[in-house]
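Report on the structure given below.
Every value quoted in this text rests on a predicted model; they were computed, and no experiment measured them. Just so you know, residue 1 is the first one in the sequence shown, and it goes up from there.
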Amino acid sequence: MGMAKRKVTPEDLFSMQFTGDVQISPDGKKALYVHTAVNAEKDGYFSSLWLTDFTDQGSRFTHPQPDRLVKDRSPRWSPDGQSIAFLSNRSGMDQVWLIPADGGDAKQLTELPNTVQFIAWSPDGKRLACLIQDVEDTSTTDVKVITKLRYKHDSKGFRGHHMNHIWVVEAATGEAKQVSYGDWEDIDPVWSPDSRSIIFLSDRSETRDFNHVPALWKLDVETGECVKLGQCAGFTLAPRFSPDGKWIAYFDHQYGETNACNDEVWLIPAEGGEARNLTGMLDRSTANWVGTDVKWDAGVHQPTWSKDSRYIYFLVTEGGNCWIYRVEVKTGIIEPVVTGDRLVVTSFAMHDDGVEPFLVYVAAHPQSTGDLYVESLGSDREKRQLTDFNKYLFSELALSEPERIRFEGADGWEIEGWLLKPPNFQPGAKYPLILQIHGGPHTCYGFSLNHEFQMLASAGYVVLYTNPRGSQGYGKEFARAVLGDWGGKDYEDLMRAVDYACTLNYVDDYQLFVSGGSYGGFMVNWIVGHTDRFKAAVTQRSICNLYSMAGSSDIGFYFIDTEFAGADLWENEELIMSRSPIRYARNVKTPVLIEHSENDLRCPMEQAEQWFIALKRLGVETVLVRTPDEGHELSRSGKPMHRIERLKHILNWFNKHRSQA
């Protein structure tokens, strides 16, 4: 008889391990990936590179240094397969390191003046392109003089005039020189097939501070000549040359600076010209939009070409799944390549020798943080799992299995969601329910493992999470349906989810709770101002005042405009304030826990302060939890101890207001 499994606790985060950013060797015989774990004593994360020959998980290729919280990441094989470049903070900040492909000591290649964010080998193997941010001059004063709208970013802090630019590094000597300059951002550098030029994305328009839409550029590394190949139209990412050198594929859309649409695969001639959309008929967005709090090192999502330049492979979010698709360049035929219910692919690489191509990918499911798989694209379609780092931890835990639900939302639209029952679920018993609301609003929930949800289920709650309108994974119309209507039909979708759950005989409809972060926090604030049906609420990294957010958030000045269909702060003040939860604070009776990070620049601390002061003055039971030295990503990548303390505050708040049978 097996041992009884135990409940999931906040501290289980300390034991979780994460797999990501897989890269296949040029000869197709091996692959590197990043393995990340937690050091509880040092309150941080450390990572190392692992090498596999596809027979099993392989072994450590770089040695972990948990006591120093060293992170080795972004492994990139040299074109000849003889060495590997990777980024590491071993010397204090991320620099480029080189290690022989057959093992040995890693050597630091660069001593660039700032953190290296991105590396790409030239096809001839002689140089690497790197991306770093300009160094701030602090020699005379610590006073910041701000002249631009885009002077801060949640993940980067205050930036001022310091932009990302491209450097070229000699692989043999480490000699480095800066090759792009200017008062603009240069990102995603990739070499041309002849190793003479670099293509990259940059918005060099006069209006870039107000409406950032990049163009595709080509830089001659020797002469410095820079030419514009084509103008993009939206959030553009990851240009990549076809193997035959004729085309450049990239991700883009036609709606400017917004995620309320489908990111699609576009193609442009290598020398510039008219671009065409290859995946517009798919009506799904590329990339993985499925949210989770247990993912690390997802790598760079990019269009991946077949060797013969016939196909482009890419990720697609489909409802609560994320699959690998491909499109045939000539015909535009789109087809799924790796699919499966309860499958969320986070990164992948392909080896194509023209005969037996295969994929190596990291895929998660409701009881996995993400493991490594190898799958043949030949006629046999053999698939094997290579890693299972959390096997022993998860064998001890009573993990709940999500049940997919579908119900009718506003306008009769079908809405998808999931229910997690307590692992010790007893038929005939009734359980309290927690509605969880995702951020974005243009992300989604799905078949990823969520530590927070499992912890709450283990504590005896039914956890309900859904994808109301605005979510990715259901097409362009669905994603854009929330624009200009925050707190409208999205609110109705969420309340209908709760109505559906309350028809289930095991849900105690007198014990309903609600929680959410970012846009989800906005919705929590909106909900408690419009209904008293919830016994307690937790609002995280939230928004309560859209008007003040426009001037205090790193993205607020354009985000409010795009999310509210061009609403102007002065001409449409009534609309913006009518959709701000702060206006309805007098209606709130629900006890509210406000969880917020002090360094959050996306949903600034002033939002939490406004909400706390308003509710406290009005006599609502309210607690504000301020977490120092953390930003918007606390729940996903903050310091482990802060993440665990956050979970305990949430659980304790719900338990405090829960009626005991």
Side-chain angles (χ1 to χ4, degrees), residues 43-45 69-71 73-74 87-89 91-95 112-118 130-167 178 180 182-188 201-203 208-210 212 214 235 257 296-298 300 439 517-518 521 540-543 548-560 595-609 625-643 646:
D43 194 20
Y45 311 89
L69 299 180
V70 166
K71 297 185 183 72
R73 64 180 185 90
S74 300
L87 298 180
S88 180
N89 64 344
S91 58
M93 62 180 176
D94 280 352
Q95 293 291 314
L112 293 170
N114 212 337
T115 296
V116 181
Q117 304 171 38
F118 181 95
C130 301
L131 193 67
I132 71 170
Q133 185 175 314
D134 298 336
V135 178
E136 184 174 5
D137 182 7
T138 59
S139 59
T140 58
T141 180
D142 57 359
V143 174
K144 296 178 174 65
V145 178
I146 306 299
T147 61
K148 293 183 176 295
L149 287 171
R150 300 172 189 268
Y151 68 92
K152 59 183 178 180
H153 190 280
D154 183 68
S155 64
K156 300 176 182 178
F158 288 89
R159 304 176 59 205
H161 297 272
H162 308 287
M163 303 291 145
N164 288 319
H165 287 120
I166 304 167
W167 290 61
Q178 186 173 347
S180 77
D183 193 21
W184 43 65
E185 293 272 79
D186 299 328
I187 63 169
D188 280 342
L201 296 168
S202 184
D203 185 350
R208 62 184 176 274
D209 202 28
F210 298 89
H212 180 74
F235 273 149
E257 206 164 5
W296 210 267
D297 289 304
V300 178
S518 196
Q540 306 167 53
R541 56 191 185 279
S542 74
I543 303 164
S548 65
M549 181 202 176
S552 59
S553 166
D554 62 341
I555 64 172
F557 66 93
Y558 70 82
F559 186 75
I560 302 302
E595 185 279 323
H596 218 99
S597 296
E598 292 188 344
N599 291 349
D600 192 335
L601 300 180
R602 184 62 40 86
C603 297
M605 192 71 212
E606 59 91 10
Q607 293 287 309
E609 291 170 335
V625 176
R626 303 172 62 116
T627 305
D629 304 320
E630 300 286 1
H632 198 63
E633 296 299 307
L634 165 62
S635 65
R636 295 174 282 254
S637 59
K639 293 179 181 179
M641 285 303 300
H642 281 158
R643 291 176 66 180
R646 167 188 165 272

Quick one: [atom1] on [X] to [atom2] on [Y], what's the gap to the nearest 0.5 Å?
| X | Y | atom1 | atom2 | answer |
| --- | --- | --- | --- | --- |
| F557 | D554 | CZ | CG | 8.5 Å |
| S74 | Q117 | OG | CD | 10.5 Å |
| Q178 | I132 | CD | CD1 | 6.5 Å |
| I543 | S553 | CD1 | OG | 7.5 Å |
| S202 | I187 | OG | CD1 | 8.5 Å |
| F559 | M549 | CZ | CE | 5.5 Å |

Residues passing the ring pair (Phe, Tyr, Trp, His ring centres under 6.0 Å) test with F118, sequence neighbours excluded, are none
Got a sec, which residues hit ring pair (Phe, Tyr, Trp, His ring centres under 6.0 Å) with Y558, two or more places apart in sequence or on another chain?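 Y558 satisfies ring pair (Phe, Tyr, Trp, His ring centres under 6.0 Å) with no residue once adjacent residues are dropped.
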pair Y45-K639: side-chain heavy atoms closer than 4.5 Å: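 The answer is no; the side chains never approach within 4.5 Å.
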Suppose we screen for side-chain hydrogen bond (donor to acceptor under 3.5 Å, both in side chains). Which residues come up paired with S180, at least two apart in sequence or across chains? D186
Listed by chain and number, what are the side-chain hydrogen bond (donor to acceptor under 3.5 Å, both in side chains) partners of T115, not counting sequence neighbours?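 Checked T115 against side-chain hydrogen bond (donor to acceptor under 3.5 Å, both in side chains); zero matches.
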Name all residues meeting the salt bridge (charged side-chain N to carboxylate O under 4.0 Å, His left out) criterion together with [X]; count only those two or more places apart in sequence or in a different chain, and write none if there are none.
| X | answer |
| --- | --- |
| E185 | R159 |
| R636 | E633 |
| D600 | none |
| D188 | none |

N114 and D134: side chain to side chain contact (heavy atoms under 4.5 Å, CB included), yes or no, with the steps? CA-CA 7 Å; N114 212 337; D134 298 336; over 6 Å; no
Minimal non-hydrogen separation, [X] against [Y], with atom names:
| X | Y | answer |
| --- | --- | --- |
| P214 | L201 | CB-CB, 4.2 Å |
| E598 | M605 | CA-SD, 3.8 Å |
| D203 | W184 | O-CB, 3.6 Å |
| G44 | L69 | C-CD2, 3.7 Å |

NZ/NE/NH1/NH2 to OD/OE distance under 4.0 Å, [X] and [Y]:
| X | Y | result |
| --- | --- | --- |
| D94 | R73 | yes |
| R643 | E630 | no |
| K148 | D183 | yes |

Please lay out, stage by stage, how H596 and R626 fare under the test side chain to side chain contact (heavy atoms under 4.5 Å, CB included). CA-CA 5 Å; H596 218 99; R626 303 172 62 116; 5.9 Å; no
I'd like to check the side-chain contact (heavy atoms from CB on, under 4.5 Å) partners of [X]; sequence neighbours left out, ordered by chain and number.
| X | answer |
| --- | --- |
| R646 | E452, Q540, E595, L634, S635, I650 |
| S542 | N525, T539 |
| S155 | H153 |
| N599 | D629 |

Donor-acceptor pair, distance only, cut-off 3.5 Å: does the side chain of [X] make one with the backbone of [Y]?
| X | Y | value |
| --- | --- | --- |
| R150 | R208 | yes |
| T627 | S597 | no |
| K144 | F158 | no |

Could you check L131 against V116 for side chain to side chain contact (heavy atoms under 4.5 Å, CB included), going step by step and ending with a plain yes or no? CA-CA 6 Å; L131 193 67; V116 181; over 6 Å; no
Determine, stepwise, if the pair S88 / K71 fulfils side chain to side chain contact (heavy atoms under 4.5 Å, CB included). CA-CA 6 Å; S88 180; K71 297 185 183 72; over 6 Å; no
Which is it for H632 and S518 under the side chain to side chain donor-acceptor pair (under 3.5 Å) test, yes or no, and what are the steps along the way? CA-CA 8 Å; H632 198 63; S518 196; 3.0 Å; yes
